[in-house]
Structures are given as C-alpha cells and as structure tokens.
Protein chains: 2
Amino acid sequence: MNKSILYKGCLEPIILKLLNENRRMYGYEITQRVKDLTKGELNISEGALYPLLHRLEAEGILEAEMENIGNRVRKYYSLTKDGKKQKSAAMSELQNFIDTLQLLLNPKLA
Amino acid sequence: MNKSILYKGCLEPIILKLLNENRRMYGYEITQRVKDLTKGELNISEGALYPLLHRLEAEGILEAEMENIGNRVRKYYSLTKDGKKQKSAAMSELQNFIDTLQLLLNPKLA
DNA sequence: CAAATATACATAAACAGGTAATACATTGGG
DNA sequence: CCCAATGTATTACCTGTTTATGTATATTTG
C-alpha cells in the first residue's frame, strides 16, 4: 500500500551513516542529501527528522552546534564517540535486515 | 534499537510472495516457513499475522478454505486473481525499497 | 516589486502496523 | 500426566512515522 511505511526504522541508521561520512550536517541538508542519493525516492519529513535528531542528541549519540548564516541559524550535528559505536551497530543491523529480506526474496542465492 | 521495527510493512509482500509460490498455506505454516527461510531472524507474531490475513481476505486479495485435520481446523489461504496482480505490485515495491536502501548504503555502486 | 518558492527549524495530532500478552483447544513425547 | 508444539484468534499498548501547522529569512521569477 503505502510504500513509505517500509522505511520505518531506517531513518536512524541512514542519518548515522551520513554523519559518519560527512563529519557534520544540518537537518535540512540531510533531507536534501537523502532525496538526492535516492533520486527522489525517499523524502524525509521534518516531523520525522527533527524529533529524531533531538532524541539522538539527548541520548548523547549526536552533538549539535549552532551557527549563524546571515540572519539565519543553522544547527549542525555530528557524531559523538558513543555515536560512532552506535553507528556501527545500526549499520550492521540494517545490513542484516537487508540480507534477511534477500533470503526471503531469493532463497536460492542464500 | 528494536530491529524488528525495520520489518514494518514487509509482512504483506512476504505473505503474497509465499502464497504465490506455494498455492495455499495456513497461518501457522507461514510463520514457520518465514522463520525457516530467515534462519530464525524473522518471527512473525500472531497479532500481526492473523489480522493481516483477515484484512487481505476481506479485500479480495486472498481467499480461504477451512479444512479438518483430525479434530483440528486449518484455514488455508490462497491468492485470488486480484491477489496475483497485487502480489506483483507489492514485490516490485519491495524490490524498489531494497534498491533505494542500497543506493543509500553504497552510492558508488549505483 | 510582489508573489512564489526555497531554506531552516520546530511541534502536535492522528495513524498504521507492528509487539506482547492472553486465551482456548488438540496432539505427541518423555 | 504434564509440557511443548501445533493452530487460530483477540486485545492493549508502543513506536516511528505522516500530515498539518507555525515561524522566519532568502532567493528566484513573472
């Protein structure tokens, strides 16, 4: 039905991966990067993104620094030391998930 | 966190695929088959499975026939003609989802 | 120059699809 | 004889989304 529901639970590992590769990013930048990387397939909504970033910051997985760009404020996020461990765990979980799906879709190649 | 949440939305296409390959299956059989195929990784809970089977039957995607096995009753499900179309749609959605995830995990191979 | 669009963050309500627990009944093995 | 496995089913709850709304600045376009 609604294919976007498939992405439930994927957002966190995606963000951790992007932050691992890019050192620091701000929210809007993440949405655009993801849209770009997925050729428009995946559009992260703000209602999903910002609460998640706040939660990850509260959990000590991310740390944030504000920066003024003209009259605007940007909030840059980056991985903490804990976040890097968390990132590895999240990535292998996601990889495992994909592998398991592949087992289901194509048992013969297992 | 909870990796099982990743599988949200995957249950329907998985069931349609299994029924497409096996002509007819009953609920418990589906849970065991999935557990088997995924080497114990994915355990479908009854609270997820039965409501979904009922919904798909109500939507005309599946049809059911009861069968007595000794003193027990089994409910076999199979795809309707509509269900076979639905199955194709669901499978390509799931494949697209996996491809998109791969784009995110490994942009260089895209 | 006004209007539309893009940038940028944030929050609340509603929703969907799960989990976990519970229930009930039959069957087979130790 | 009890307990695990088989088999269908329902319910309360949880979680991570979507959708809608709000605020504000910057840039493009007719």
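A, B, ... follow the sequence lines: proteins, then strands. Residue 1 opens every chain.
Remark: His54(B) is not in phosphate contact with dT8(D), judged by side-chain N or O atoms under 4.0 Å from OP1 or OP2. For Ser45(B), no side-chain nitrogen or oxygen approaches OP1 or OP2 of dA20(C) to under 4.0 Å.
Rounding to the nearest 0.5 Å gives a distance of 9.0 Å between OG1 of Thr80(A) and NZ of Lys85(A). With values rounded to the nearest 0.5 angstrom, Glu21(A) atom CD is found 10.5 Å from Leu79(A) atom CG. Annotation: the span from Leu19(A) atom CG to Ile30(A) atom CD1 amounts to 5.0 Å, rounded to 0.5 Å. Between atom CG of residue Leu37(A) and atom OG1 of residue Thr100(B) there is a gap of 11.0 Å, rounded to the nearest 0.5 Å.
We find that OH of Tyr77(A) is positioned 8 Å from P of dC9(C), with the value rounded to whole Å. Per the geometry, CD1 belonging to Ile5(A) stands 9 Å off P belonging to dA16(C), to the nearest Å. Rounded to whole angstrom, the span from the CZ atom of Phe97(B) across to the C1' atom of dG17(C) amounts to 14 Å. The distance from atom NZ of Lys75(A) to atom C1' of dT7(C) is 17 Å, rounded to the nearest whole Å. Note: CD (Glu65(A)) to C1' (dC9(C)) measures 16 Å, nearest angstrom. Rounded to an integer number of Å, the gap from Leu49(A) CG to dT18(D) P is 11 Å. The separation between Leu52(B) atom CG and dT11(D) atom C1' is 17 Å, rounded to whole Å. Atom CD1 of Ile44(A) is separated from atom C1' of dT7(C) by 16 Å (rounded to the nearest Å).
Of the candidates dC9(C), dT8(D), dG16(D), the closest approach to any side-chain atom of Arg74(B) belongs to dT8(D). Side-chain atoms of Ser4(A) lie closest to dT18(D) of the nucleotides dT8(D), dT18(D), dG17(C).
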Under 3.5 Å, sequence neighbours excluded: what are the donor-acceptor pairs made by side chains of residues 68-77 of chain A?
unit_1, atom_1, unit_2, atom_2, d
Arg74(A), NH1, Tyr76(A), OH, 2.9
Arg74(A), NH2, Tyr26(A), OH, 3.3

Intermediate values then yes/no, side chain to side chain contact (heavy atoms under 4.5 Å, CB included), Leu94(B) and Lys17(B)
CA-CA 11 Å; Leu94(B) 190 56; Lys17(B) 179 176 199 291; over 6 Å; no

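Residue contacts shown for Lys8(A) include a base, since a base heavy atom lies under 4.0 Å away. Contacts of Leu11(B) with the nucleic acid, taken as non-hydrogen atoms under 4.0 Å apart, involve only primed sugar atoms and P, OP1 or OP2.
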Going 5' to 3' through nucleotides 21-30 of chain C and flagging B where a protein heavy-atom sits under 4.0 Å of the base, S where only the sugar-phosphate is that close, and - otherwise, we get -----BS---

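Of the residues in residues 17-32 of chain B, Tyr26(B), Gly27(B), Tyr28(B) come within less than 4.0 Å of DNA chain D through at least one heavy atom, sorted by number.
Remark: Glu46(B) engages no residue in a salt bridge (Lys or Arg N to Asp or Glu O under 4.0 Å) (not counting sequence neighbours). Qualifying side chain to side chain donor-acceptor pair (under 3.5 Å) partners for Asp99(A), counting only residues two or more places apart in sequence or in other chains: Gln95(A). Remark: Glu63(B) pairs with no residue by the salt bridge (Lys or Arg N to Asp or Glu O under 4.0 Å) rule, at least two apart or across chains.
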